[in-house]
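Heads up: the structure comes next, in structure tokens.
Residue numbers start at 1 and run along the sequence shown. Computed from a predicted structure; not experimentally measured. Ligands are counted one by one from 1 in listed order, and the atoms in each one are counted from 1 as well. The analysis underlying the following values was restricted to heavy atoms, covering all of them including side chains, and did not include hydrogens, waters or symmetry mates.
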Amino acid sequence: MTAVSGITPSGHLTLGNYLGALRRFAEPTDKPGFYFVADLHAMTTLHDPKRLGSLTRETALLMLASGLPDESVFIQSAVPAHAQLAYLLECTAYVGELSRMVQYKEKGRGKPMTRGSLFTYPCLMAADILLYGAQRVPVGGDQDQHVELARDLAIRFNRTYGRTFVVPELHRATTAGRVRDLLTPTAKMSKSDPDEAGGVLRILDSPDVLRRKVMRAVTDSDATVRHDAVAKPGVTNLLEILGACTGTPPVEVAARYTSYGDLKADTADAVVALLEPVQSRYAELAADPRSVDKLLAAGRDRAIAFAQPQLDAATRAIGLRS
Ligand code: TYM
């Protein structure tokens with residue numbers, strides 16, 4: 001089964017990106033998947049070209065450092081078929097369904113300076129998926145709506161122009177599908193928050209910084225350790241993080257603790273232990289830029305070899321070339 005997924009270089013990656021996505025990309029599958037830095041997706045809102053370049057490189061290194069098969073990693077913009085198929089899918093999607101996408105509704109609708117790409121990028125994401133004939137799309141819970149749209153567009157295209165695309169399946173994350181911000185546990189932990197945000201654990205934060213952030217996590221005044229996302233979002237988030245780091249169901253984790261202090265200390269240790277090997281592999285790769293360039297070029301070439309025939313098939317089916 002072929003898997004595909006991407007990460008937008010819109011900030012320094014977080015523990016949420018690691019648990020909800022990166023770690024799942026590295027799970028063994030029968031064929032190596034396609035994992036890319038979604039740099040084209042990082043331009044839907046105001047962006048700084050220099051920062052985009054450095055975050056793209058950092059994200060690529062983190063993907064390689066997370067244990068993905070070498071040739072499975074590439075940079076999206078190095079494979080022109082993504083942008084080309086996106087246009088064909090814009091010619092397949094309806095304004096109505098694009099207007100209902102949460103990102104656009106929350107960040108863009110009604111604002112005159114909203115970039116057109118914030119409205120259309122779900123078609124680009126559908127292209128990212130459909131180009132590789134992927135059945136499996138490992139993503140965190142916040143991406144479900146996008147994968148559903150990719151499914152709808154594949155079905156519509158196939159029905160209108162003849163069978164062209166594999167219809168992808170949504171594989172919901174069973175644990176850590178939505179890691180919360182440590183200081184605002186009702187919100188998702190987000191890489192696009194300001195760099196200094198105290199509630200966001202970054203994959204490349206030093207062990208001291210990770211510990212300090214976890215120890216300052218918001219809990220509540222009722223001192224019982226219990227898994228209850230509505231009444232106790234902060235404590236529940238810590239239980240989910242510790243559970244995901246140690247491979248234990250969060251409810252079982254809860255039964256082992258009577259104090260918030262112990263829960264925080266163990267969560268901090270578990271996060272540091274989980275990220276430490278990724279950080280050291282990242283440092284090795286960062287010290288060897290030529291090897292990284294080679295790996296990314298190999299990833300790009302393999303991606304082009306798979307994507308081009310799929311783009312050609314769609315181009316023919318829609319009537320552009322006979
Ligand atoms: P992005 O860059 O926002 O997030 C990358 C991946 O990390 C997951 N994630 C989380 N999981 C758990 N808890 C969190 N707090 C958390 N924050 C983020 C996301 O669900 C995602 O899996 N549009 C996509 C990137 C993309 C893509 C694709 C994904 C572009 N093309 C094709 C899959 C297939 C995005 O911006 O993800």
Can you name the atoms of ligand 1, numbered from 1 with element, that are less than 4.0 Å from a heavy atom of [X]?
{"X": "Gly20", "answer": "11 (N), 12 (C)"}
{"X": "Ala21", "answer": "6 (C), 7 (O), 22 (O)"}
{"X": "Lys188", "answer": "15 (N)"}
{"X": "Val139", "answer": "20 (O), 22 (O), 29 (C), 33 (C)"}
{"X": "Ser5", "answer": "29 (C), 33 (C), 34 (C)"}
{"X": "Ile129", "answer": "32 (C), 34 (C)"}
{"X": "Ala38", "answer": "30 (C)"}
{"X": "Arg178", "answer": "12 (C), 13 (N)"}

> Does any donor atom in the side chain of Asp222 or Thr224 lie under 3.5 Å from an acceptor atom in the other side chain?
Replying inline: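 Side-chain D/A pair, Asp222 to Thr224: present.
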>> Assess, by modelled atom type and distance only, whether the side chains of Asn17 and Thr14 contain a donor and an acceptor separated by less than 3.5 Å.
In response: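 Yes, a side-chain donor-acceptor pair sits under 3.5 Å.
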>> If hydrophobic clusters are built by linking Ile, Leu, Val, Met, Phe, Trp and Tyr wherever their side-chain heavy atoms come under 4.5 Å apart, do Tyr35 and Val137 end up in the same one?
In response: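 No, because Tyr35 and Val137 fall into different hydrophobic clusters, even though each may have its own neighbours under 4.5 Å.
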> Are Val167 and Val139 grouped together when hydrophobic residues (ILVMFWY) are joined by side-chain heavy atoms under 4.5 angstrom apart?
Replying inline: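 No, Val167 and Val139 fall in different hydrophobic clusters.
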> Looking only at heavy atoms, is any part of His41 under 4.0 Å from ligand 1, and if so is it the side chain, the backbone, or both, or is it neither?
Replying inline: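 Near ligand 1, His41 shows its side chain, while the N, CA, C and O stay back.
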Does ligand 1 have any atom that is closer than 4.0 Å to a heavy atom of [X]?
{"X": "Arg180", "result": "no"}
{"X": "Tyr121", "result": "no"}
{"X": "Asn17", "result": "yes"}

Return the residue, atom name and 0.1 Å-rounded distance of the protein heavy atom closest to [atom].
{"atom": "atom 31 (N) of ligand 1", "value": "Asp128 OD2, 2.6 Å"}
{"atom": "atom 2 (O) of ligand 1", "value": "Lys191 NZ, 2.7 Å"}
{"atom": "atom 37 (O) of ligand 1", "value": "Gln143 NE2, 3.5 Å"}

>> Regarding atom 16 (C) of ligand 1: of the candidates Pro9, Gly11, Pro122, Gly16, which has the closest heavy atom?
In response: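 Looking at heavy atoms only, the winner is Gly16.
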>> Judged on heavy-atom distance to atom 20 (O) of ligand 1, which of Leu40, Asp142, Val179 sits nearest?
In response: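 The option holding the nearest heavy atom is Asp142.
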For the backbone of [Y] and the side chain of [X], can you confirm whether one donor and one acceptor N or O come within less than 3.5 Å of each other?
{"X": "Gln279", "Y": "Asp205", "result": "yes"}
{"X": "Asn237", "Y": "Arg180", "result": "yes"}
{"X": "Ser10", "Y": "Ala42", "result": "no"}

Is there a polar contact, in the sense of an N or O pair closer than 3.5 Å, between [X] and ligand 1?
{"X": "Thr8", "result": "yes"}
{"X": "Gly6", "result": "no"}
{"X": "Met125", "result": "no"}

> Do the side chains of Ile7 and Leu13 get nearer than 4.5 Å, heavy atoms only?
Replying inline: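 SC-SC contact between Leu13 and Ile7 confirmed.
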> Mind checking whether His41 and Tyr121 have parallel, tilted or perpendicular rings, split at 30° and 60°?
Replying inline: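 Ring orientation, 0 to 90° scale: perpendicular.
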> Think Arg302 forms a cation-pi with Phe34, using NZ or CZ under 6.0 Å from the six-ring centre and within 45 degrees of its axis?
Replying inline: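 The answer is yes, since Arg302 meets both limits relative to Phe34.
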>> Regarding Glu97 and Arg100, does a basic nitrogen lie under 4.0 Å from an acidic carboxylate oxygen?
In response: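 Here Glu97 does not pair with Arg100 in a salt bridge, since their nearest N and O are not under 4.0 Å apart.
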> Taking NZ, NE, NH1 and NH2 as the nitrogens, is one of them in Glu27 or Arg136 under 4.0 Å from a carboxylate oxygen of the other?
Replying inline: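 Salt bridge between Glu27 and Arg136, a charged N being under 4.0 Å from a carboxylate O: yes.
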